[in-house]
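Note that the structure is a prediction, hence the values are computed from the model and not measured.
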Amino acid sequence: MAIVVASGTALSTAANTKSAELVTGTYQNVGKGKVTLVAKGSATGMNATLLVGGVALVNDQAIPFTGTAGTISSVDNVVASQLMSGGKIEFSLRNTTGGALTTDYMIYFDAGQ
């Protein structure tokens, strides 16, 4: 059974800026298991960085833009999903455009993998 490590809805990131660290609290440090990032941006130009124990699963890579219609889906909007040996989860977003963008995201951890 997966747990939600972090999530956000319509998180706004100003033009040409990087967000603060978005994973805090109880599930910031995890053991061995599967880490999955699901994200949907409001437009092209939003990049994501996801580190687990200092290892980059996503390193300032573009979040694929598939349109604004519909909701975020753990089937259609997976950016990365990987078995990891554990450690501290770190996640941030970077807006590469000249205007503010929003992002919906969820990070899951499944120790049963």
Is [Y] close to [X] at the side-chain level, that is, under 4.5 Å between some pair of heavy atoms?
X      : Y     : value
Lys88  : Asn29 : yes
Ile72  : Val38 : yes
Val35  : Leu50 : yes
Tyr105 : Leu22 : yes

[X] to [Y] - nearest heavy-atom pair and separation:
X      : Y     : value
Ala100 : Ser12 : CB-OG, 4.2 Å
Ala48  : Phe91 : CB-CE1, 3.9 Å
Ala15  : Gly99 : CB-N, 3.6 Å
Val79  : Pro64 : CG2-CD, 4.4 Å
Thr97  : Gly45 : CG2-CA, 3.7 Å

Side-chain (Thr9) to main-chain (Asp104) donor-acceptor, under 3.5 angstrom:
no

Side chain Gln61, main chain Asn59, donor-acceptor under 3.5 Å
yes

Same cluster or not: Leu57 versus Ile3, using hydrophobic residues (I, L, V, M, F, W, Y) connected whenever any side-chain heavy atoms lie under 4.5 Å apart?
yes

To the closest 0.5 Å, what do you measure between [atom1] ([X]) and [atom2] ([Y])?
X      : Y     : atom1 : atom2 : answer
Tyr108 : Ser81 : OH    : OG    : 11.0 Å
Thr103 : Leu11 : OG1   : CG    : 6.5 Å
Asn77  : Thr71 : CG    : OG1   : 8.0 Å
Ile89  : Leu51 : CD1   : CG    : 10.5 Å
Thr49  : Arg94 : OG1   : CZ    : 7.5 Å

Residues Leu83, Lys34; criterion side-chain contact (heavy atoms from CB on, under 4.5 Å); working and verdict:
CA-CA 4 Å; Leu83 289 171; Lys34 184 177 182 181; 3.8 Å; yes

side-chain contact (heavy atoms from CB on, under 4.5 Å) evaluation trace for Ile107 with Val23:
CA-CA 9 Å; Ile107 300 171; Val23 180; 3.8 Å; yes

Does the side-chain contact (heavy atoms from CB on, under 4.5 Å) test come out yes or no for Thr13 and Leu101, once each step is laid out?
CA-CA 6 Å; Thr13 306; Leu101 295 178; 5.7 Å; no

I need the single residue from Val58, Leu93, Leu37 that forms a side-chain contact (heavy atoms from CB on, under 4.5 Å) with Ile63. Which is it?
Leu93

